[in-house]
Asker: 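Structure below; questions to follow.
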Amino acid sequence: MGNEELIVKLQELFPAASIIQGNDWPEISFESGADFLSTIDVLKSDQTLAFDYLFCETCVDWKTHFTMVYHLDSTRFRHNIVLKYKLDRETPEIDSLSFVYRTSEQHEREIFDLFGIIFKGHPNLKRILLTEDWVGYPLRKDYDDPINMIKL
Amino acid sequence: MFSFQNMTQEIHSWLSSLMSETFVMLVEMTIVGILAIALFAFLGLVLVYMERKVAAVIQLRKGPNRVGPFGIFQTSADTLKLVLKEGFMPDNVDKFLYKLAPFVVMITAMLILAPIPFAKGVQIWDINIGVFYLTAISSISVIGILMAGWASNNKYSLLGAMRSGAQIVSYELSAGMAVLSIVVLTGSLNLGDIIASQEDGWWIFKGHIPAWIAFIIYIIAVTAETNRAPFDMAEAESELTGGFHTEYAGMRFALFFLAEYINIFIVCAIGAILFFGGWMPFHIGSWTAFNHVMDFIPSFMWFFGKTFFLIFLIMWFRWTFPRLRVDQLLNLEWKYLLPISIFNLLLMTLVAIKGWHF
Amino acid sequence: MFEEIKTSNDGELVINVGPQHPATHGVLHLLITLNGETITKLEPNLGYIHRSIEKMCESLSYRQFIYSTSRMDYLSSHMNNHACAMIVEKGLQVEIPERAEVIRVLISELTRLASHQLWWGAMAMDLGALSPFFYSFREREVITDIMEETCGARLTMNYIVPGGLMADIHPNFVKRVKDFIIQFNSKIDEYDQLVTGNIIFQNRMKNVGYLSPEDAISYGTTGPVARGSGVSCDIRKLYPYSAYNKVKFEEILETGGDSFARYLVRIKEMKQSISIIEQLIDNIPEGDFQAKTKAVLKLPKGEFYQRVETARGELGVYLVSEGGTTPYRIKFRSPGFSNLSALNHMVKGHKIGDLVAIMGTLDLVIPDIDR
Amino acid sequence: MISFLKTYFTEVFQAIKSLLSGMKLTGYYFTHPKNIITEEYPDNRATLKMADRFRGEVIMTHDEKNEHACTGCSACELACPNGTIKIINKFEINAEGKKKKAIDAFVYHLELCTMCNLCIVACPTDAIKMSPNFEHSVYDRRLLTKQLNHEGSKIREGVE
C-alpha cells in the first residue's frame, strides 16, 4: 500500500488520531490516554495493514512530555508507518508490547533504563545497560551527571 | 652392531662387582627413575615445540622463532617462566585434592612408560602382560582429571571433568578392542613378543583390512582418550574457558600440560609398537638383503620415527577439525566406533584362526 | 573452608558465561541456567561497554557525530557512517555525486566481505577449529590494506562526510580490488573444503538453534539471522539506497532456520558482495567525489529515519532535529541488539557447545549491542 | 537391514571423506611453507612502507625556513569531536606596525585523538596533515601531549 492509501486507511480506522505524512512514512500520533494495546492489535491483525514487524522503538524527551516512537513495517506488504504516543512527563506509563512483538522486550528495558518509562505488563522490567543502582535516567534532557561527563 | 643390550649388561656387571645385589638393584632403579624423568621433561619440551611449529606452519605462521635458532629454546624459556610463577591457589578449593590432582595425572603418565621398548633391548620393565598393564594404567589418569575438576570448586571445571570422565570411560573400550585385535594376531600380551612377531613385516601391512580398521579406530580413540582436539571436551576453551584446569596456574598447570603431551607420546608409541612394529625396522618377508640394509638404521630411530609420525598425525587432526559436541562425541563412540571395532575384532579373530594374514 | 558448588533443589546450575569468556567475543555477559549440560534459561546482561553514544551525539555537530558511529559495530563501520551521512544528506537535501555513491557502495561491500570473513574465522574458532581463522584473515588483510590505502585507516575508516567522501579513491584502488577478487575467488573454495563440508561441523550446525520465520520477525532479527529463517529483509533490495538500485544481486534466503542456514547465508552473501564489486569496479563514474556543503550544517526541524543493511543486519538511525547544529535526539537501532534478544529462544534445550555455535552464527559485535 | 547397513556405511565413508578433504588442505599448507604470511614487524622496519594516506598522527608541516602555514584560525579545534586540539594564540606586531594574530602553541593531545581526519579537512590553509607514523608508545602519558609548531617557527609569508 502506498503512503497516501495508508493515510486514508488509517484515518478510517483511527478517527481520533492525528495523521500526517512524515519525511518518509505516515506518522500517526495518539494523545496520552488512548487505548494503546487495541490500536496495536488492529494494526497488526488487520489483513490489509499487517504491521507484524516492529523495527525500531524509542522515546524522545520533549521537556514537557515524552513521546514514544514506534516504527512499524509489514513483511507482507512492505509499507511502514511511524506510531507516536504522547506520555505524561510526571508519570510516564504505557502498555508493554513485549507480548505482541518479542523484540520490544529488550527495547523497552533499554527505554526504561535510559528514560525511566514504566511499561505496564513487561515481564522483566529492570535496567539493561546501566547498573542496577544507577540514579537518574541519562537520556532525559534534564539529566546532569558532573562525574561521568558526556558532553564536551 | 651397536646395541643397547650390551651397554646395560656392562653397567650391570660393573655395578655387581662393586656392591651387593640389593644395592645394585637400588642404584639401577634410581638411574632408571632419573632417566625416565629426564626423558619425560625432554619429551615435553620437544613435543610442545613440535606442536607449536606444526600449528604455525598449518596456520601460515612462523611459530616460535626468537629464542635460539628457529626458536628451539622457546619451550625451555616457557618452562622456566612457569616454574618461576607463583603457585596460585584460589580460596575455597579442596586443598588436598587440588594439590594432588596434577601429580596423579603425571604419575599415571610416568607409570605407562615402564613396559615400552624404546629400542632393541631398552625396556624398563619387560612384563609378560604388557598390553594389559598399559590399558589398565592409562585409565587411571581420568581420576586425576576428575579430582582436579571437583577440587577446583569451579562450575566450568566440574563440567569439564565430568565430560572427560564420560569420554575416557567410553573411548577406552574401542581403544582396547583395537589393541586386542593385534593381540589376537600375535597371541601374546608381551610387548616384546608383539614386536618380535613383526620381524617379517608390520601388522598394518600383514593384517589386511582389519588391521587398517583397527588402526583407524585406535588413532581416533586415543585422540579422544588424551583429550585432544577434536575431542578436547574436557578443556574446550571456547565453551568451558579451560575446563578442568581453569583454576590451575604456574607449575601445577604445567604438570597437566606436560602430562597431556606425555600421554600423546605414550599412546603413539603403543600405536607404533602394535601396528608399525615398534623399533623393528621395515622388513619385507624374505627379502634378506633389503632387510639387512634396513637393519643399519638404529632401532631407536625406527621407534621414535614411527612414534613421531603418529604424533604428527594427531596434531594434524587438532589443527584441522572443529570440536564435536559432547553428545555427538558419545554417539560416535557407542554408535559407530564400538560396533565397528567389535565386528572388526571378530573379523580379526577369523583372520588369525584361518591364518589369512601374511 | 571447602564450599561445595550449590545447585538448586531441582538440580539446576547457574553459570556466568562472560563478561570474560572466549566465545562471547568481547564483554557480553550471559547468565545461563543448566540442567546437566542442557540450557534451560539464558539471560543476557548487557552494558559492560556502554559508552552512551546516543547521548554523546546530542552534543556533537552533524559533521562530528558520524565518526563516533564507527565505534558501534566496528566491523561494519563504513555502513554505520553511511547511514549517518545519508540521514544528514536527507535533511539537507543535498544531491550526492554519482561517483561518491558508487565508491560508498564499493567500500560498503568490501567492509561486508571483511566482516563476514572475520565472522567465518571466529565462528570456526568457537567451534574449536583454529586454523580457519588464519585463512580468513589472510584475505581480510588484503581488504584492510585496500582500506588503509584509500581511506587512511584499517577498521574505523571515517571515509564518509556529509555530501560525499572525504577523499577520492587512491589511484591503486581499482587495480588492488581486482587483484583481491581474483585471489578471493581462488580461495573461497577452501572455505567449503575445510569447514562447510566437514561432517563434524555440519553435525554441530544442523538442527541447532532453530528460529521459525514468525519468531524471526517477532524478535526483530534482521540480516543473515532472519534470512536464514527465510524472512526477506535485505534493505539493499527492499528499500534500495545509494547505488544499490544500479547493481544486480540476489537476496540470499535459506529456509532452514538453523545455524547451518545462517552460516550458508553469510557464505553466499560473500559471493554476492564479490559480484556487486565486480559490477561496479569498472564502472566508477567520473566526477566529483563530494558535493558542496556549508561549513556548518544545520538540519531543518523534523524527524528523519534511515535504514541501512550492515553486515549484521538492519541499522536504523532515527534523528530528531530541532533546527540546531546538533541532533536533538538520535537513536541507533542496532542489529545486534535485536538479534541478541532471540538468543534465549534459540538456545533453550540445547547444550553449552550449541550455545557457542548459535552465538557464532548470530555474529554478535558487543559494542554494537551496548552502544 | 541391508538398507540400514548401506546407509550406515555410506555415512561413515562420507564422513571420513569430508574429514580427509579438510586434512588435505591443512596438509597442503603444512608441506608448502612458502605460503607463510607472517610479517616480522620490528625486523622489517627498514623496508616497511605505510600507505601514504595512513592516519597515524597529526603533524604540522614546516619548510626549510622553519615556517608553517597555520594562521591560528582554530577551525581544527572546532572541528575536533574530542577536544584533541588546543590552539593558544598570541598577537605579533609585524613590520608595518600592525597587530597580527599568530599561534603561540598548537597543542595536540595524541592520547585523545581518534584519527578521524576532521581537523585536516577543516584546515583552510593545509597547515596540518596526517603522518603515517604509528609508533607512538612512550613510557609516560604526558609525552603524548605534543606541541606541533616547532620552536621559533613563524607563519609563512602570504598565508592568510
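Hydrogens, waters and symmetry mates play no part in the numbers below; they use all other heavy atoms, side chains included. Lettering follows sequence order; numbering is per chain, from 1.
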Asker: Go through the atoms of C:Glu314 and report whether side chain, backbone, both or neither lie under 4.5 Å from a heavy atom of chain A.
Answerer: side chain
Asker: Please flag which part of C:Leu46 lies under 4.5 Å from any non-hydrogen atom of chain A: side chain, backbone, both or neither.
Answerer: both
Asker: So C:Arg333 and A:Thr58, do their side chains get closer than 4.5 Å, heavy atoms only?
Answerer: no
Asker: Give the member of C:Ile49, C:Leu340, C:Thr221, C:Ile369 that has the highest number of heavy-atom pairs under 4.5 Å with chain A.
Answerer: C:Leu340
Asker: Can a cation-pi geometry be assigned to C:Arg307 and A:Phe55, taking NZ or CZ under 6.0 Å from the six-membered ring centre and within 45° of the ring axis?
Answerer: yes
Asker: Can you list the residues that meet the salt bridge (charged side-chain N to carboxylate O under 4.0 Å, His left out) rule with A:Asp133, with sequence neighbours excluded?
Answerer: none
Asker: Checking C:Gln306 against chain A: side chain, backbone, both or neither under 4.5 Å from a heavy atom?
Answerer: neither
Asker: Evaluate ring-ring contact (aromatic ring centres under 6.0 Å, His included) for A:Tyr53 paired with C:Tyr219, printing each intermediate quantity in order.
Answerer: CA-CA 9 Å; A:Tyr53 176 33; C:Tyr219 278 107; over 10 Å; no
Asker: Are there residues of residues 315-328 of chain C whose heavy atoms fall under 4.5 Å of chain A's heavy atoms? If so, which?
Answerer: C:Tyr318, C:Val320, C:Glu322, C:Tyr328
Asker: State the OG-CD distance between C:Ser338 and A:Glu105, to the nearest 0.5 angstrom.
Answerer: 12.0 Å
Asker: Verify salt bridge (charged side-chain N to carboxylate O under 4.0 Å, His left out) between C:Lys331 and A:Glu57, making sure each step is shown before the conclusion.
Answerer: CA-CA 9 Å; C:Lys331 153 88 183 167; A:Glu57 176 176 359; over 6 Å; no
Asker: Any ion pair linking C:Glu43 and A:Lys126 (charged N to carboxylate O, less than 4.0 Å)?
Answerer: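 Counted as a salt bridge, because a side-chain N and a carboxylate O are separated by less than 4.0 Å.
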Asker: What part of A:Leu130 lies closer than 4.5 angstrom to a heavy atom of chain C: side chain, backbone, both or neither?
Answerer: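 The side chain, not the backbone.
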Asker: Quick one: what part of A:Asn124 sits under 4.5 Å from any heavy atom of chain C, side chain, backbone, both or neither?
Answerer: side chain
Asker: To the nearest 0.5 Å, tell me how far C:His50 NE2 sits from A:Asp113 CG.
Answerer: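 It is 7.0 Å, given to the nearest 0.5 Å.
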Asker: Please classify the contact of A:Glu27 with chain C as side chain, backbone, both or neither, using a heavy-atom distance under 4.5 Å.
Answerer: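 Just the side chain, heavy atoms under 4.5 Å.
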Asker: Look at atom NZ of A:Lys120 and say whether more than 12 heavy atoms of other residues, nucleotides or ligands are closer to it than 6.0 Å.
Answerer: yes
Asker: Given that the side chain runs from C-beta out, which part of A:Lys44 has a heavy atom under 4.5 Å from chain C: side chain, backbone, both or neither?
Answerer: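 Contact with chain C involves no heavy atom of A:Lys44 at all.
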Asker: Please look at A:Gln106 and chain C and tell me whether the side chain, the backbone, both or neither of the residue comes under 4.5 angstrom of a heavy atom of that chain.
Answerer: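 Both parts, backbone and side chain.
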Asker: Roughly how far, to the nearest 0.5 Å, is CD1 of C:Ile217 from CG of A:Leu54?
Answerer: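 A:Leu54 CG to C:Ile217 CD1: 12.5 Å, rounded to 0.5 Å.
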Asker: Given heavy-atom pairs under 4.5 angstrom as the criterion, report whether the side chain, backbone, both or neither of A:Val100 touches chain C.
Answerer: backbone
Asker: Once rounded to the nearest 0.5 Å, what's the spacing between atom CG of C:Asp215 and atom OG1 of A:Thr103?
Answerer: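 It is 12.0 Å, given to the nearest 0.5 Å.
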Asker: Mind checking whether A:His107 and C:Phe337 have parallel, tilted or perpendicular rings, split at 30° and 60°?
Answerer: perpendicular
Asker: Is there a side-chain contact between C:Arg329 and A:Leu139, using heavy atoms and a 4.5 Å cut-off?
Answerer: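 Contact flag for C:Arg329/A:Leu139 side chains = yes.
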Asker: For atom NZ of A:Lys141, is the number of surrounding heavy atoms from other residues, nucleotides or ligands below 6.0 Å larger than 12?
Answerer: yes
Asker: If you check every heavy atom in residues 88-95 of chain C against those of chain A, which residues fall under 4.5 Å?
Answerer: C:Lys90
Asker: Which residues in residues 72-81 of chain A have a heavy atom less than 4.5 Å from any heavy atom of chain C?
Answerer: A:Asp73, A:Thr75, A:Arg78, A:Asn80
